[in-house]
Amino acid sequence: MLRSTNPYASPKADNADRSREDPQGGAKRLYFGWLAVFALNLIFPLLMAWGMTAPDGRIGMLLAIIVLLALGFWICASARQVGFALVVGGVAVALSQIFPILQMMAGILGFALTKAIGAAPTPDGIAHDGLPDVETLAAGFVITMTTGGLLIAASTLAGLMIQAVLSLRR
């Protein structure tokens with residue numbers, strides 16, 4: 001018996017978008033997007049902080065950077081909608097570095113929190129040369145975690161607002 005085909009039938013889904021069927025492919029893109037956005041958002045804060053940070057403070061700063069990077073990967077893995085908002089909003093926050101008011105405010109709050117909890121930026125708590133030098137590991141860690149955490153929160157909020165306005169779906 002001959003097999004007949006209907007010329008009016010819809011085409012097979014061979015060339016359909018498989019990104020929705022392959023959760024790992026979408027996750028990989030989300031992870032790569034987070035890594036790229038994270039790196040872009042390090043530009044201004046790292047340029048500002050590196051010059052006023054002593055070697056011990058830089059160790060704390062780098063440890064906090066690793067924790068924040070891992071936090072973003074965890075968000076992308078556990079809540080993909082929120083991870084997508086984080087990446088989308090992270091692009092907006094990265095672009096805001098042209099006029100880095102948000103980054104400066106986050107850094108100022110990081111310094112204020114560090115002083116408030118008693119992990120003074122310098123061992124004696126006094127700024128040298130008029131700059132708030134970060135000389136201790138704890139101070140570098142707390143300032144960076146606070147600054148980065150605030151920027152991650154701002155990125156997520158901006159991403160959720162952008163998604164709502166543009167009706168983006170992931």
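Positions are given from 1, in the same order as the sequence printed here.
In terms of heavy atoms, G107 sits closest to T147 at CA-OG1, 3.5 Å. The two residues A85 and L160 come nearest to each other via the heavy atoms CB-CD2, 3.7 Å. Residues V134 and G140 come closest through the heavy atom pair CG1-N, 3.4 Å. Pairing each heavy atom of W34 with each of L69, the nearest pair is NE1-O, 3.1 Å. Nearest heavy-atom pair across Q103 and F44 is CB-CD2, 3.7 Å. Shown here for L68 and G149, the closest heavy-atom pair between the two residues is CD2-N, 3.9 Å.
Counting only heavy atoms from C-beta outward, the side chains of P45 and T144 never approach each other to under 4.5 Å. With a 4.5 Å cut-off on side-chain heavy atoms, V91 and V37 count as touching. Taking 4.5 Å as the limit, every side-chain heavy atom of I59 sits out of range of all side-chain heavy atoms of F141. Contact check for M61 versus L46: side-chain heavy atoms found under the 4.5 Å cut-off. Annotation: side chain of L102 is not in contact with side chain of Q97 (no heavy-atom distance under 4.5 Å). When side chains are defined from C-beta on, F73 counts as touching L35, because their heavy atoms get closer than 4.5 Å.
Using a 3.5 Å distance cut-off with no hydrogens or angles, the side chains of E135 and T53 do not pair a donor with an acceptor.
For the atom pair CD1 (I108) and CG (L150), the distance works out to 12.0 Å, reported to the nearest 0.5 Å. Taking CG of L63 as the reference point, atom CE of M145 lies at 10.5 Å (rounded to 0.5 Å). Here L86 contributes atom CG and S155 contributes atom OG; the two are 6.0 Å apart, rounded to the nearest 0.5 Å.
Looking at T146, I143, V142 one by one, the single match for side chain to side chain contact (heavy atoms under 4.5 Å, CB included) with F111 turns out to be I143.
Panel note: side chain N41, backbone G90; a donor-acceptor pair is recorded below 3.5 Å.
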